[in-house]
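Model, not experiment: these values are computed from the prediction. Computed from heavy atoms alone, side chains included, the values below leave out hydrogens, waters and symmetry copies. Just so you know, residue 1 is the first one in the sequence shown, and it goes up from there.
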Amino acid sequence: MKTDALHSFDNSREEFKPYGLTCEKWETKLMNRFDQHNEIEPNFFPTGNCTYLLYDKIVSVPSQRLTIFWGLTPHQIIDFQDICQYYVCTIPLSLFLSWDVPSHIVENLFAGQMLYDPIETRADYDGYLFEQWCHDMINSTTYEPALIEMKARIFRLGQHYSHIAESCHLEGRIHHSETKAVAQIALFIAQNYMHPIKTMDIAKHVGLHPDYANSIFKKAFGVSLHQHVTNERINHAQRMLLTTDNPITDIA
């Protein structure tokens, strides 16, 4: 694979298909549908302006800033200007959770927020990091240096959001052995919230006791399984109101 190869969103890709651990250069294209994948997605736009539809919100992404969101949040590029290419990283959720990222960052990502570095002067530094990570993912036999740098960069981003820590409702850290189960639970809910699923169904899917499944999920997300399913259904209805002409009675 060539280091200068550009990737782009495949509109025909399987829904919820994982990208895995990646860092790539992407060609900017409009997306004709939402993408969803269970990875944390840092982006970096060296130039231009890009607009995402994120859940039911239209979000303008600033150029030359590290930007990060949870890929399981439905996201779609709906407009852009003066952008030829940009950087996309995907970090599997279980790996991200094992890093013990500051809880206020985790909760806001899981709530569907897009976070970005407010400091403009880091553009050259971030451009270098993303370029190096792309190189490492293609040419290196080990990703460890890149992973250490990714973790440190996200922690540094967290310092600028420390003022929202007081609103955090996470109930403690999940153990590293629980991260895979939490990631599986989140994906199962995203795939099935339109069906009449209950906590017992979710727990059975991952082979856990319902109380334990609810406990580790609440530690990671700050809400119970039942509340998260409800939130997903509400968010889906909001997206339908924004993006379709369906009657409100049909959406309800």
Completion exercise
When every non-hydrogen atom of Thr90 is compared with those of Thr22, the smallest separation belongs to OG1-OG1, 2.5 Å
Problem - Minimum side-chain heavy-atom gap Ile78-Tyr52 below 4.5 Å - result: no
Practice task
Would you tell me whether Asn43 and Glu41 have side-chain atoms, one donor and one acceptor, within less than 3.5 Å of each other?
Solution key: yes
Scan the side chains in residues 189-200 for donor-acceptor partners under 3.5 Å anywhere in the protein, sequence neighbours excluded, and list what turns up.
{"residue": "Asn192", "atom": "ND2", "partner": "Phe188", "partner atom": "O", "Å": "2.8"}
{"residue": "Tyr193", "atom": "OH", "partner": "His236", "partner atom": "ND1", "Å": "3.1"}
{"residue": "Tyr193", "atom": "OH", "partner": "Arg239", "partner atom": "NH2", "Å": "3.0"}

Problem - Distance (rounded to the nearest 0.5 Å) between Leu109 CG and Leu115 CG - result: 5.0 Å
Exercise for the section: Would you name the heavy atoms of Thr67 and Pro62 that are closest together and state the gap between them? Expected result: OG1-O, 4.4 Å
Exercise for the section: Using atom types as modelled and distance alone, determine if a side-chain donor or acceptor of Glu39 lies under 3.5 Å from a backbone N or O of Gly20. Expected result: yes
Handout entry: Any donor-acceptor N/O pair, Ser215 side chain to Tyr212 backbone, under 3.5 Å
Key = no
Exercise for the section: With rounding to the nearest 0.5 Å, note down the distance linking OG1 in Thr179 to CD in Gln184. Expected result: 9.5 Å
Problem - Donor on one side chain, acceptor on other, Tyr125 and Arg153, under 3.5 Å - result: no
Practice task
Determine whether the aromatic ring centres of Phe221 and Trp70 lie less than 6.0 Å apart.
Solution key: yes
Fill in the blank from the handout: Between Arg122 and Asp117, the two heavy atoms sitting closest are NH1-OD2, 2.9 Å
Practice task
Going by the ring pair (Phe, Tyr, Trp, His ring centres under 6.0 Å) test, name the single residue among Phe44, Phe80, Phe45 that passes it with Tyr86.
Solution key: Phe45
Handout entry: Gap separating the CD atom of Glu149 from the SG atom of Cys23, nearest 0.5 angstrom
Key = 10.5 Å
Practice task
Kindly indicate whether the side chain of Asn49, heavy atoms from C-beta on, has any atom under 4.5 Å from the side chain of Val61.
Solution key: no
Practice task
Work out which heavy atom in Gln36 is nearest to a heavy atom in Leu72; give both atom names and the distance.
Solution key: NE2-O, 2.9 Å
Exercise for the section: Identify whether the distance between the nearest side-chain nitrogen and carboxylate oxygen of Arg33 and Glu15 falls below 4.0 Å. Expected result: no
Handout entry: Heavy-atom donor-acceptor pair, Arg65 side chain to Tyr116 backbone, under 3.5 Å
Key = no
Practice task
State plainly whether one hydrophobic cluster holds both Met137 and Ile91, where clusters connect Ile, Leu, Val, Met, Phe, Trp and Tyr through side-chain heavy atoms under 4.5 angstrom apart.
Solution key: yes
Problem - CG-NZ distance between Asp100 and Lys151, expressed to the nearest 0.5 angstrom - result: 6.5 Å
Completion exercise
CG of Leu147 to OG of Ser98, rounded to nearest 0.5 Å, is 9.0 Å
Exercise for the section: Kindly say whether Leu54 contributes a backbone atom to a donor-acceptor pair with the side chain of His75 at under 3.5 angstrom? Expected result: no
Practice task
State, without any angle test, whether Glu232 and Tyr55 hold a side-chain donor-acceptor pair at a distance under 3.5 Å.
Solution key: yes
Problem - Any side-chain heavy-atom pair of Asn11 and Lys29 under 4.5 Å - result: no
Handout entry: Trp26-Glu24 side chain donor-acceptor pair, cut-off 3.5 Å
Key = yes
Completion exercise
Nearest heavy-atom contact between Pro46 and Tyr87 is CG-CE1, 4.0 Å
Handout entry: Interatomic distance, Ile216 atom CD1 to Leu208 atom CG [nearest 0.5 angstrom]
Key = 5.5 Å
Exercise for the section: Measure from the side-chain N and O atoms of Thr230 to the backbone N and O of His226, and report whether any donor-acceptor pair falls under 3.5 Å. Expected result: yes
Practice task
List the atom of Asn214, the atom of Leu225, and the distance in Å for their closest heavy-atom pair.
Solution key: OD1-N, 2.9 Å
Problem - same_hphob_cluster(Leu157, Val59) at 4.5 Å side-chain heavy-atom cutoff - result: no
Problem - Hphob cluster co-occupancy, Ile83 + Met114, side-chain heavy atoms under 4.5 angstrom - result: yes
Exercise for the section: Compare all side-chain heavy atoms of Phe96 with those of Val106 and state whether any distance is below 4.5 angstrom. Expected result: yes
Practice task
Check each of Arg233, His228, Gln227 against Asn231 using the side-chain hydrogen bond (donor to acceptor under 3.5 Å, both in side chains) test, and report the only one that passes.
Solution key: Gln227
